Number of protein chains: 2
Amino acid sequence: MGTTQLETAPEPKYWHLKTVLSEALDQDFAVGEVLPNERELAARFGVARATLRQALEQLELEGRLQRRRGVGTTVAPPRVGVAVGSAQHSWPGESVDGWEPVDAAETLPTAAVLKLLGTGGAFAADQPVHTVRRTRVTHGQAVAAELLYVPAASVPGLPAIEAPAGPARARAVLRELQRLVLDGQDRSVELGSARADDAKELDRLPGAPVLVVTTRYFTTAGTAAVSVATYRADTCRLTFGDSGNVEITHEPRVAS
Amino acid sequence: MGTTQLETAPEPKYWHLKTVLSEALDQDFAVGEVLPNERELAARFGVARATLRQALEQLELEGRLQRRRGVGTTVAPPRVGVAVGSAQHSWPGESVDGWEPVDAAETLPTAAVLKLLGTGGAFAADQPVHTVRRTRVTHGQAVAAELLYVPAASVPGLPAIEAPAGPARARAVLRELQRLVLDGQDRSVELGSARADDAKELDRLPGAPVLVVTTRYFTTAGTAAVSVATYRADTCRLTFGDSGNVEITHEPRVAS
DNA sequence: GAGTGGTCTAGACCACATC
DNA sequence: ATGTGGTCTAGACCACTCA
């Protein structure tokens, strides 16, 4: 009977820590400011470093912090809104909203790509696809890496190998694609983790959380191309529709 | 000279583990099957449990695994595609795609909500907003929890307090909203972590990764309502556009 | 009560950036 | 060379589910 214990909420330490840190970030830190290092923070809060890291990880996931090995932990700026899908459908590369062609190659499609193109369609596993790599830069930072798959059958006018590997070759494929009449498109967004190559392009470690945007481009003849774009989940807010420049603060969402 | 060390790739153990497990899942396990427990898996691979958990965590983030305390780790089914935003704009609740009204209340808006509604607009901080809670169920499982903010000024026809708290009250607010002429809407998607209340509704632990879909509804008079919906990131693939039922496999995306 | 995943600790070493 | 975050270990205990 002695200890009444009135609901001492068995809230995990790292969760409570996250809340405390979150409030401290709002009040005592400016964007870009560096936090004390992990060992000191852990000591200051009286927890093990692993526990402190669990809290930091969450805050980084929410886009509040940015951690860089060998440098330190800094307060992240608000997420940038990147437009993904305006009202008008258009081929990749038609509007110049930050996409940079990197390279292109010709390969055989994997099962996953085949499925996206439509397994039962006109494209067979032994038909080559052009694979175009692009990156997207906004406000001076790389926010997305894309792989665009264009079945060779979609762009019959494209010579087998003409431009030297590099941006020029990527541009050639895009140019050819834009000759076609776009009939519609299809988009989905899901959470993923960055593959090694994407991570490098995005200046993150492999496994970093990314938003994977998969787009299918249709002509009357069927699926003409498929794009798989991976956006940095920590720094990006994907916007749809026409007025995409909303300011959203980091303040806690309201409870009912 | 002795040890040539030909590129022994300092790949982290957990990353390699993840790859190995991923392949094992493709080949040796069926959806719904339970894996050996963490202690045994760790022993089998000769790593500490924490390292094994780091790999499992990634796989869960990618929607390949499902872990439940007290139960075990099971192979997750492919992500379900949930339609979020058809071509036609419409008020929440107009089409019955799985949303269930839960409750409604009247509160004062937080700074964050005010900003979404438009700080410079007709809505002031001392004007109450109706807060409607809804949940979305697809294929028998809860996939999303939503908070809809409707400034009282948007629905002047709504009596102050009429229906008893509960679904009926939520429905009353939605019904009133649908009287207005929708002029446009605005959507953004970002990564977040589930708050305690959302987590409970989604049958996940607090902090679980979620996709936060923020929608603003416009009338000619300005922003009439704002919706913040949190989708389970592990089980959901958000689809936009009209043909949203694409099958996407878990196979590794192709490299260039 | 037995078995599961979730949390936490106190250390160690490594990879990287910077001076 | 120093200091940072990233990885890893070998334990411990807790919260939960289910028979």
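We name chains A, B, ... by the order of the sequence lines, and we start the count at 1 in each one. No experiment lies behind these values; they were computed from the predicted model shown.
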If you fit an axis to the five pairs at each end of the helix from dG1(C)-dC18(D) to dT18(C)-dA1(D), how big is the angle between those two axes, to 10 degrees?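 The end-segment axes of the helix from dG1(C)-dC18(D) to dT18(C)-dA1(D) are tilted 10° relative to each other.
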Can you tell me if R187(B) and T239(A) form a side-chain donor-acceptor pair at under 3.5 Å?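 No, because no side-chain N or O of R187(B) sits under 3.5 Å from a partner of the opposite role on T239(A).
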Compute whether any side-chain donor of one residue and acceptor of the other, for S193(B) and E62(A), lie under 3.5 angstrom apart.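 E62(A) and S193(B) do have a side-chain donor-acceptor pair below 3.5 Å.
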With nearest nucleotide decided by heavy atoms, which residue, G70(A) or W15(A), maps closer to the 5′ end of DNA chain C?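 That would be W15(A).
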Assuming nearest nucleotide by heavy-atom distance, tell me which of G46(A) and R68(B) is located more 5' along DNA chain C.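 It is R68(B) whose nearest nucleotide is closer to the 5' end.
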Strand contacts (DNA chain D) in residues 35-44 of chain B, 4.0 angstrom heavy-atom criterion: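 Heavy-atom cutoff 4.0 Å gives R39(B).
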Does any residue of residues 52-59 of chain B have a heavy atom under 4.0 Å from DNA chain C, and if so, which ones, in number order?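 Heavy-atom cutoff 4.0 Å gives R53(B).
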Using the side chain to side chain contact (heavy atoms under 4.5 Å, CB included) criterion, which residues pair with [X]? Sequence neighbours excluded.
X: P92(B); value: R134(B), L148(B), L174(B), L177(B), Y217(B)
X: A144(B); value: W99(B), R136(B), Y231(B)
X: E100(B); value: T135(B)
X: Q54(B); value: Y14(B)

Contacts of T73(B) that satisfy side chain to side chain donor-acceptor pair (under 3.5 Å) - sequence neighbours left out: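 For T73(B) there are no side chain to side chain donor-acceptor pair (under 3.5 Å) partners, ignoring immediate neighbours.
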State which residues pass side chain to side chain donor-acceptor pair (under 3.5 Å) with E38(A); sequence neighbours excluded, sorted by chain then number.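 R49(A), R53(A), R67(A).
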How is R49(A) classified with respect to the nucleic acid when contacts are heavy atoms under 4.0 Å: base, sugar-phosphate, or nothing?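 Result for R49(A) = base.
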Go through DNA chain C in 5' to 3' direction and return only the first and the last nucleotide with some atom under 4.0 Å of chain A's heavy atoms.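 Contact boundaries, 5' end first: dT7(C) to dA17(C).
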Residues which pass salt bridge (Lys or Arg N to Asp or Glu O under 4.0 Å) with E40(B), listed by chain and number, not counting sequence neighbours: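 By the salt bridge (Lys or Arg N to Asp or Glu O under 4.0 Å) rule, E40(B) matches R44(B).
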In this structure, how many angstroms lie between the [atom2] atom of [N] and the [atom1] atom of [X], rounded?
X: Y14(A); N: dC14(D); atom1: OH; atom2: P; value: 18 Å
X: K200(B); N: dC16(D); atom1: NZ; atom2: P; value: 12 Å
X: L65(A); N: dG5(D); atom1: CG; atom2: P; value: 11 Å
X: R69(B); N: dC16(D); atom1: CZ; atom2: C1'; value: 6 Å

Should the pair D198(B)-R232(B) be classified as a salt bridge under the 4.0 Å nitrogen-to-oxygen rule?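 Salt bridge: no.
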For R133(B), is there an ion pair with E146(B) - N to carboxylate O distance below 4.0 angstrom?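 No, E146(B) and R133(B) are not salt-bridged.
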Could you tell me whether a side-chain N or O of Q58(B) sits under 3.5 Å from a main-chain N or O of A55(B), the two making a donor and an acceptor?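 Between the backbone of A55(B) and the side chain of Q58(B) there is no qualifying donor-acceptor contact (under 3.5 Å).
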Using distance only, find each side-chain donor-acceptor pair of residues 199-211 of chain B under 3.5 Å and give its atom names and separation, not counting sequence neighbours.
| from | atom 1 | to | atom 2 | distance (Å) |
| --- | --- | --- | --- | --- |
| R204(B) | NH1 | D234(B) | OD2 | 2.6 |
| R204(B) | NH2 | E60(B) | OE2 | 3.4 |

